[in-house]
Structure formats: C-alpha cells, structure tokens
J.: 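Shown below is the structure under consideration.
Letters A, B, ... mirror the listed sequences (proteins, then strands); counts begin at 1.
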Protein chains: 2
Amino acid sequence: MLYTVSEENYIKAIFHLQGDEGMVTTNALSAELQTRPASVTDMLKKLKTKKLLVYEKYQGFRLSAEGRKVALGIIRRHRLWEFFLSEKLRFSWEEVHEVAEQLEHVTSVKLIDKLDEYLGYPRFDPHGDPIPDRNGKIATHERICITAIPPDHPMEVCHVGNQSPELLDILRHNHIAIGTYLSVRKKFSFDNSLEVCTANGPAFVLSEAVAKHVWMKKIDTI
Amino acid sequence: MLYTVSEENYIKAIFHLQGDEGMVTTNALSAELQTRPASVTDMLKKLKTKKLLVYEKYQGFRLSAEGRKVALGIIRRHRLWEFFLSEKLRFSWEEVHEVAEQLEHVTSVKLIDKLDEYLGYPRFDPHGDPIPDRNGKIATHERICITAIPPDHPMEVCHVGNQSPELLDILRHNHIAIGTYLSVRKKFSFDNSLEVCTANGPAFVLSEAVAKHVWMKKIDTI
DNA sequence: AAAATCATTTAGACAAATCTAAAAAAATAT
DNA sequence: ATATTTTTTTAGATTTGTCTAAATGATTTT
Ligand SMILES: [Mn+2]
Ligand SMILES: [Mn+2]
Ligand SMILES: [Mn+2]
Ligand SMILES: [Mn+2]
C-alpha cells in the first residue's frame, strides 16, 4: 500500500510518458528520470512484482489499473501543493514545481483531503493542469489553442503547455497568466504570428513558437 | 549541507536527549529511535565525520555547534508545520505530530520562510513548544507549573509537557487546551491534587499526575 | 582486585537503489 | 538473409542504513 519515494517517482514518470493505450520504453523512462537504463530495468521488475505494471521483458510496459490509481494519487498531491504554494504562499508560477516534487511524497490521506478542503477543492493547478479528486477523477477544460480561436472573440488563458523559464519570461513580460483574458486581433500567415490584446491593454505579438503553448477556454459567466 | 532523512532524525533525537551541557548515550538514542545500538554507533561515525557531533568512542556524545544549528532548523520546520496543520487545516492537537514528522524533511528555505510569514511568525506550536526563528533563536515563556501557582490567580495554559493520547483525553474532557484560562481553587495536600476552574465554568479536579504536565503563563494583557 | 554485569563497538550480512561493463535480444540497414 | 546498430537485460559492484552475533571496554558487585 505504501511506496518508496523512488517507486513513486517511477510510477509518476511512467504515467506521464504513457498516453492512453501507449507503451513506454526503457530508454524513454531512463531519460525522463535521469538514470541509467539498467536501473530502470531493476525497478520495472520490482513494480511488476507489486502488480503496478504490465511488463514482459523487451516488450515495453505500462501501468496496470492499480498503478494508474497510485499515479493519480501522486499527481493529486503534487498539484494540490502547487496550488497551495501559489495561492497561499505567493510563490511564483515557475517556483512551485520543484518544491511540490518533495511535498508530493508526504503520504497522509487526511492531510491531502484537509488541504483540498482548505484550498476550496481547486480543479486546476497554477499551470492549468487538472487536479484529480480523491477518487482519481480529473476535470477537463474544453480548451482550444490560441492559434485556433477566431479573431476578436475574447477568451481566458487556461493552460500553458510548456513551463520552461524562457517561455514564462515572455508570458510574464506580456502580463499573460492563467486567467488572463485575451483576444486575437490579427493572424499573420507569413510566420503564423498573432497580434493579441487584453481587454483594455495594448496589442502585442506572439510568435508561433509561443502561441502554440497557450491554450484558451470560454470566459466563465458566473 | 543537505542531510538524509535518517541523519536528520538522528540529529533531532540527539538534540532532544542532550540538555544544556549533557552527554547522550548510545543506548538512550537507540531506545529513542527504536533501532539497535549497533546502528547508532554506525551513524555516530558518519555524523562525526560530517562534524555535526562531538564524539569519542565509549565516551558518549553531543552535537557540535553546527549540529545544533541543523537540529534547530529541523525543529523549526516540524513546529511550523504543526502550527499550520492545527491552525489552518484544523487538525486536532494530537494528530499534528505524526504528519509533521514527514513534512519536517522537506528542505526548501524559501518554503519555510514563506510559510512562517503566512502563519504570522508564530512563536509557539500547538503543544506550547517554542518555534525557532530563521536564525535558530527560540523564545521562552516565563512559565510555571500549575502545581506551583497561588490559588485564585487566573493564568493561561501555555504548554503541556506530555503529549500522549491518554493525557490529551483527560485534558480535552475538561476543555483544557493551550490558551485556556485556569485558576486553582484549592490544593489537597493528601494526594497533591488540585481543584481548578475556568473563568465561568464549573470546578473540577486534576490529579498530581496530570497537573505536573500543565504549565501556565501570565495572561497576555494586549 | 577479580568476577560479573552492562554498554558499546566491531565484524559480517542484507535489502534498496543505484552504477558500469558485458551479454543478449530486437530493429534496421545492406 | 546477414550484418550492423540500437535497445534492453544481466552480472557484479557500490553506498546507505539497517540487522545479529561476537568481542571489547567500562562499571558495579562481591
Ligand atoms: Mn509540477
Ligand atoms: Mn517526485
Ligand atoms: Mn511534534
Ligand atoms: Mn523525522
């Protein structure tokens, strides 16, 4: 029932690498976790013994139903802590992940459920990623990339698909964060850049490289 | 600069066992940590190498100045989290310790300083124990045992020297917690029990065994 | 002061998580 | 269809933290 920090990190990484139905490879996981392939193989055997993994050697692997459940628990803890750090302790957007990497391994069901309640049952973390509820259920935004929305229809930023400091630097420079309202003024087909603006702010340009990571949803009406 | 969870648990336990000036023995530490004396000896060698310990074999040991500094950092984290759990997440008094045992090992200076700020720089944890500030300084209550206060002088409960569920059961039954105002009505020299009462509540009796763990301070005048 | 007891350390083992180097299997190219 | 390359696994070693059993040092009793 309880897993080591190392096991949890493997489980979480496998969850993120496997899509729906997909298989994960030893090399991909070793790259993700910055370990050697041989270490991955060792851990795969252990996770298979614990029935968290569907794995035959040389055939790739993916989480079992139980493994997925464990992964969602870890992700729930990670994202709830990210929300706490951002919302309550005023950590900036890009600082929360590293600290949450540690906090996610504190295992107390009561702690997490009380934290969830204290935070008001948030459904999305500061990066716009969904927070699984205590049953592992995750909400999904009806979201659309800013490159695909029609001109002059304001929508709300709900997700940023890349959290590198470099991208966040551009977004912050333009005062774009989760929850910002934006509308597209013009699309330039030459380089697929966009001219966008906030409700009453100045217009500015997003390159295609930036825009493809910015996702929008309908503005909440209540 | 960074220590393992195990090292931190040893350092903290040594800090609690050594008074001012005192030496700690291998057996005492092994009892405290529920390990074998041989394991303690192994760790002592390691902590000595890291200059956290003053230790010559067969002679007992105590923390070096650096070791004490590390211990105060761990205790700061532990007690700030206990305060958070109690104050913000509404954990009951006796539940906080176990969860704080895990949270104390999350090492991010920024996290702890922000948490401290968020909590309003509390100086005492839910058990009335002092929380070291970021320089390791700890406040001290001018406190006195309830067995020693004069009759009919209301004072405030500021510390409970034993946190067993059994004692906490009695205290909760009598609605006594940190911050409760109590005065002693009568002392019975036969068994050293006390009749005490709250401001407008009924009188009740505390046995000597209970009373000796209940510590009082002057009522704050602001 | 020697014997008995108690506390502490040493010696050797083990599990967990990692590594390097070599072997084996699978995939790709010729 | 072979040969070559890539991926994965195995074999054996290392570090950390723990253990048991035996040896040694310190203390207490007689
Ligand atoms: Mn994250
Ligand atoms: Mn992690
Ligand atoms: Mn505690
Ligand atoms: Mn601890």
J.: Look at the side-chain N and O atoms of A:Ser6 and state whether any lies under 4.0 Å from the OP1 or OP2 oxygen of C:dA16.
T.: no
J.: Using a cut-off of strictly less than 4.0 Å, decide whether A:Tyr3 has a side-chain nitrogen or oxygen near OP1 or OP2 of C:dA16.
T.: no
J.: Starting from P on C:dT9, measure out to CE on B:Met43 and report it in whole angstrom.
T.: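 Those two atoms, CE and P, are 14 Å apart.
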J.: For B:His97, what residues pass the ring pair (Phe, Tyr, Trp, His ring centres under 6.0 Å) criterion, not counting sequence neighbours?
T.: B:His78
J.: In whole Å, what is the span from the CG atom of A:Leu47 to the C1' atom of C:dA16?
T.: 13 Å
J.: Protein within reach of the bases, or only the backbone? For nucleotides 1-8 of chain C, mark each nucleotide 5' to 3' as B, S or -, using heavy atoms under 4.0 Å.
T.: ------SB
J.: Give the rounded distance in Å between these two atoms: CE of A:Met23 and P of D:dT8.
T.: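 After rounding, the reported distance stands at 11 Å.
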J.: Provide, to the nearest angstrom, the distance between the CD atom belonging to B:Glu8 and the P atom belonging to D:dT16.
T.: 16 Å
J.: Can B:Glu8 and B:Arg77 be said to form a salt bridge (charged side-chain N to carboxylate O under 4.0 Å, His left out), step by step?
T.: CA-CA 12 Å; B:Glu8 289 192 343; B:Arg77 300 196 293 264; 2.9 Å; yes
J.: Sequence neighbours left out, what pairs pass side-chain hydrogen bond (donor to acceptor under 3.5 Å, both in side chains) with at least one residue falling in residues 112-121 of chain A?
T.: A:Arg76-A:Asp113, A:Arg76-A:Asp116, A:Asp113-A:Arg134, A:Tyr118-B:Tyr118
J.: Taking only N and O in the side chain of B:Arg36, is any of them less than 4.0 Å away from OP1 or OP2 of D:dT20?
T.: yes
J.: Please evaluate residues A:Met216 and A:Arg143 with respect to the criterion side chain to side chain contact (heavy atoms under 4.5 Å, CB included), reporting the C-alpha separation (whole Å), side-chain torsions for both, the decisive distance (0.1 Å), and the verdict.
T.: CA-CA 5 Å; A:Met216 314 298 291; A:Arg143 72 190 185 195; over 6 Å; no
J.: Hey, is A:Arg62 close enough to A:Glu21 for a salt bridge, meaning N to O under 4.0 Å?
T.: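 The answer is no: the pair does not qualify as a salt bridge.
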J.: For B:Thr25 and B:Asn27, test the side chains for any donor-to-acceptor distance below 3.5 angstrom and give the result as yes or no.
T.: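 Result is no, nothing qualifies.
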J.: Among D:dC19, C:dT9, C:dT18, which nucleotide sits nearest the side chain of A:Asp42?
T.: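 The closest nucleotide is C:dT18.
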J.: Could you check how far NZ of A:Lys45 sits from P of C:dA15, rounded to whole Å?
T.: 15 Å
J.: Starting from the 5' end of DNA chain C, give me the residue, A:Thr4 or A:Ala38, whose nearest nucleotide shows up first.
T.: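 Checking each residue's closest nucleotide, the 5'-ward one belongs to A:Thr4.
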J.: Look at B:Glu94 together with B:Arg172 and state whether they make a salt bridge at an N to O cut-off of under 4.0 Å.
T.: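 Salt bridge: yes.
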J.: Looking at DNA chain C, which of residues 13-22 of chain B put a heavy atom within less than 4.0 Å of it?
T.: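 Listed by number, there are none.
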J.: Can you name the residues that form a ring pair (Phe, Tyr, Trp, His ring centres under 6.0 Å) with B:Phe15, not counting sequence neighbours?
T.: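 Checked B:Phe15 against ring pair (Phe, Tyr, Trp, His ring centres under 6.0 Å); zero matches.
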J.: List the residues meeting ring pair (Phe, Tyr, Trp, His ring centres under 6.0 Å) with B:Phe84, not counting sequence neighbours, and say none if there are none.
T.: A:Phe84, B:Trp81
J.: What's the CD-C1' distance between B:Glu7 and D:dT18, to the nearest Å?
T.: 14 Å
J.: Take atom CG of B:Asn9 and atom P of D:dT16, then tell me their distance rounded to the nearest Å.
T.: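 Whole-Å distance recorded here is 17 Å.
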